[in-house]
Amino acid sequence: QYPDGTDLDGTGGIPDYSDFSRTVLVENVDDNNYSGSPVPDGTTASKRVVVTVSSAKISDIVIKWVATREGMELMY
């Protein structure tokens, strides 16, 4: 969707992204090992964010980063 709520469905000259989907995963991770297993208790200051965009037309696009109190670091 555009910010005004217009669906990107291919009508009226608008691009068609109707078969795209997005998933977002946010996990607590160890402050010294961002790539490790999630920390279940939520006591860390670091959060790993994984956004995946999928479509039958393309291979999945995955972007990973870690957000900390000091800022953000792109992982992939």
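A chain of hydrophobic side-chain contacts below 4.5 Å, direct or via other Ile, Leu, Val, Met, Phe, Trp or Tyr residues, connects Ile61 to Tyr17. Taking hydrophobic clusters as Ile, Leu, Val, Met, Phe, Trp and Tyr residues chained together by side-chain heavy-atom distances below 4.5 Å, Met72 shares a cluster with Val26.
The line from OH of Tyr2 to CD1 of Ile14 is 6.0 Å long, rounded to the nearest 0.5 Å. To the nearest 0.5 Å, atoms CD (Glu27) and OG (Ser37) are separated by 9.0 Å. Here the straight-line distance linking atom OG of Ser46 with atom OH of Tyr34 works out to 4.5 Å at 0.5 Å rounding.
A pairwise comparison of heavy atoms in Val51 and Arg22 identifies CG1-CG, 4.1 Å as the closest pair.
When only modelled atom types and interatomic distance are considered, Asp9 and Ser18 share no side-chain donor-acceptor pair under 3.5 Å. Under 3.5 Å, the side chains of Asp60 and Thr52 contain no donor-acceptor pair of N or O atoms.
Looking at heavy atoms from C-beta onward, Val50 lies out of side-chain contact with Val24 at the 4.5 angstrom threshold.
Side-chain atoms of Arg48 come within 3.5 Å of backbone N or O of Gly36 as a donor-acceptor pair. Looking at Asp31, its side chain never comes within 3.5 Å of a backbone N or O of Thr44 through a donor-acceptor pair.
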Before giving the answer on side-chain contact (heavy atoms from CB on, under 4.5 Å), spell out for Lys57 and Asp19 the whole-Å C-alpha distance, their side-chain angles and the decisive distance to 0.1 Å. CA-CA 8 Å; Lys57 299 176 184 176; Asp19 74 328; 3.8 Å; yes
Might you work through the side-chain contact (heavy atoms from CB on, under 4.5 Å) test for Asn28 and Asp41, ending with a clear yes or no? CA-CA 8 Å; Asn28 296 303; Asp41 62 9; 5.9 Å; no
